[in-house]
Amino acid sequence: MTSGRVNPQFRLEDQGIEGLGNVYYNFMEPALIEEAIKRGEGTLGNGGAFLVTTGKFTGRSPKDKHVVKTDSVADSIWWENNAAMSPEGFDALYADMLEHMKGKDYFVQDLVGGADPAYSINVRMVTELAWHNLFIRHLLRRPDREDLNEFVADFTVINCPSFQADPKKHDCRSETVIALNFDRKLILIGGTEYAGENKKSVFTLLNYLLPEKGVMPMHCSANHAVGNPVDTAVFFGLSGTGKTTLSADPARVLIGDDEHGWSDRGTFNFEGGCYAKTINLNPEAEPEIYATTTKFATVIENMVFDPETKELDFDDDSLTANMRCAYPLEYISNASKTAVGGHPKNIIMLTCDAFGVLPPIARLTPAQAMYHFLSGFTSKVAGTERGVTEPQPTFSTCFGAPFMPRRPEVYGNLLREKIAQHGATCWLVNTGWTGGAYGVGSRMPIKATRALLTAALDGSLAEAEFRKDPNFGFDVPVSVPGVAEVLLDPRRTWDDQEAFDKQAAKLVQMFAENFEQYLPFIDEDVKAVAIG
Ligand SMILES: Nc1ncnc2c1ncn2[C@@H]1O[C@H](COP(=O)(O)OP(=O)(O)O)[C@@H](O)[C@H]1O
Ligand SMILES: C=C(OP(=O)(O)O)C(=O)O
Ligand SMILES: [Mn+2]
């Protein structure tokens, strides 16, 4: 039996996917929740939120993600960063997955990635879980209902958590698999229930496709000034650095919280929703995101709650530190209706420095911006990736290495050209530790980060007095209204200043060692600002 709305010429059977049980096409939120509850996938929460747990996998499995090594992509994929799968392995994987799917019910959402129609792709998401269908309906962009009658997918994603891959037969690493095949226009996901794999696999796809069209794909959030989309800011950052938190600024219009493109026409969100961390979510510091946790159909993933009152416990990380809520963009009251913005006037590179060495804000020259973009220094926070249980320093190039199929210089050069063309001002913002490293100091207060960002974005910070940082060579403001002066100089926040100097020297050394790999590819002016 099939139900729902679908292009009669583009059913799963037309794609060669046959023999399934019931197929539910493009169900809307209430019907998806009914189906999910019927199947015991989760329970209803306050305000009609939907509460789920995901079992063993509560974060991404980057090591289980593979790109299929077909002739057409063999020369353009950065294989040192993307595990290969043979075309034969993929064909066997696909055949076995289709066999496994036989007789089972599936949910289909026909969606769009990219708010600018000039650069968007149609994505069909086929999911075993009704709530995954709800999740991805929030996260990607929903076409008008009437347009579904003509929808044809450019790419299809099949997500089947109950399927277990066979490393020998399928040329993968474990029973969990995420396999991207650019020739077959297919992404197969098996053996994990973590919802983030759905959205990040589409992101990876766009990161491959868009550079060929001259569009810079970015792991960043974005917002613009009220009434003035030309005044756009983007916030690059690896998971946990504050993209979602800091872009939801009540004084600005939210374009999106995670993935954007920068074309000759300006910036555009790839997505139509947000995926926020809820650990220690505080209604005073983050009221907009907090409010979404009791809105209809918001997906609450891996949060502990009181079975009687369904009150969520924001401090209980016993299931994972990576507990999340997923909601459509419009649940943030000041979100953009179009999800597009201008050319970024300001580019913020967020880092979460668990060493407590980097200043809370620094102004970067274009060459320094390129240096930090390629370096991508931050700490992985607990939970988002399997096996990470406390902050772990890492260099994740382009602030998103797990999602970058091409070589870093492809993205670096594109960004460089666009910064030069549009004269964007670049900043490095540390949302990590102050007053000592992780274990001694504490996380930068959100209020201070917000005040610094406000000053950077409204132009007042440009007027401040700056000092040159002795370790990194960038400009650091000496004082900013509304922020304790001592915070601006990390060395002064440490009790033991010699210990700071040692830690700083160690970090400079780490930067230098990591950057060696980029030296053959970069311009002289970037080489000149390379530290260490
Ligand atoms: N100074 C700060 N700036 C931004 N986030 C902070 C800060 N201090 C603590 N946090 C917390 O860090 C986390 C940042 O996560 P999030 O915004 O979801 O990052 P991302 O979207 O980049 O993955 C949130 O849980 C937020 O409450
Ligand atoms: C969903 C994710 O993104 P982020 O933490 O950047 O919001 C993720 O990394 O799994
Ligand atoms: Mn985020």
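What you are looking at is a predicted structure, and each value in this text was computed from that prediction instead of being measured. Numbering of ligands and ligand atoms starts at 1, following listing order. Positions are given from 1 along the sequence.
- In summary, the aromatic rings of Y275 and F135 are positioned with their centroids under 6.0 Å apart.
- Distances from atom 20 (P) of ligand 1 to the heavy atoms of A448, G237, G240 show the closest one on G240.
- For H372, the ring pair (Phe, Tyr, Trp, His ring centres under 6.0 Å) test picks out F474, F511, with sequence neighbours left out.
- The side-chain tip of R406 does not point at the ring of Y411 from less than 6.0 angstrom away and within 45° of straight on.
- Note: F515 and Y371 have tilted aromatic rings, judged against thresholds of 30 and 60 degrees for the angle between ring planes.
- Using a cut-off of 2.8 Å, one finds that T244 contributes an N/O/S atom close to the Mn ion (ligand 3).
- When ring centroids are compared, F314 and Y290 come within the 6.0 Å threshold.
- Aromatic rings from F203 and F403 are positioned such that their centres are separated by under 6.0 Å.
- The M444 neighbourhood of ligand 1 comprises atoms 1 (N), 2 (C), 7 (C), 8 (N), with distances under 4.0 Å to a heavy atom of that residue.
- Judged by a 6.0 Å distance limit and a 45° cone about the ring axis, K295 is positioned over the six-membered ring of Y331.
- Protein heavy atom nearest atom 24 (C) of ligand 1, with residue, atom name and distance: T245 OG1, 3.6 Å.
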*Could you walk me through whether D64 and R386 pass the salt bridge (Lys or Arg N to Asp or Glu O under 4.0 Å) check?*
CA-CA 11 Å; D64 292 311; R386 256 178 95 64; 5.9 Å; no

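- Which parts of ligand 1 touch L238 is read off a 4.0 Å heavy-atom cut-off, strictly below it: atoms 22 (O).
- Rounded to the nearest 0.5 Å, atoms CG (L238) and NE2 (H219) are 6.5 Å apart.
- What sits closest to atom 19 (O) of ligand 1 on the protein, heavy atoms only, is G242 N, 3.1 Å.
- Shown are R142, R124, R137; of these, the side chain to side chain donor-acceptor pair (under 3.5 Å) with D110 is made only by R124.
- For ligand 2, the 4.0 Å heavy-atom shell contains residues R60, Y194, K200, H219, S239, K243, D258, Y275, K277, R324, T384.
- A cation-pi arrangement, defined by a distance under 6.0 Å to the six-membered ring centre and an angle within 45 degrees of its axis, is absent between R60 and Y194.
- Contact atoms of ligand 1 toward S239: 23 (O) (distance under 4.0 Å to a heavy atom of the residue).
- For ligand 1, the atoms sitting less than 4.0 Å from at least one non-hydrogen atom of T241 are 19 (O), 22 (O), numbered in the order shown with element in parentheses.
- Ion pairing between a basic and an acidic side chain is recognised when a charged N comes within 4.0 Å of a carboxylate O; E259 and K199 show such pairing.
- Using a 4.0 Å cut-off between heavy atoms, R443 contacts ligand 1 through its side chain alone, with no backbone atom that close.
- Shown here is K277, whose NZ atom has more than 12 heavy atoms of other residues, nucleotides or ligands within 6.0 Å.
- For T244, heavy-atom contacts with ligand 1 shorter than 4.0 Å involve the backbone as well as the side chain.
- Proximity annotation for atom 6 (C) of ligand 1: of I446, D258, T378, T434, I446 comes nearest, heavy atoms only.
- Residue-ligand proximity, K277 to ligand 1, at heavy-atom distances under 4.0 Å covers atoms 15 (O), 18 (O), 19 (O), 20 (P), 23 (O).
- Shortest contact from atom 25 (O) of ligand 1 to any protein heavy atom: I279 O, 4.0 Å.
- Those atoms of ligand 1 that come under 4.0 Å of a heavy atom in E286, given as number and element, are 26 (C), 27 (O).
- Of all the atoms in ligand 1, the ones that sit under 4.0 Å from a non-hydrogen atom of P445 are 1 (N).
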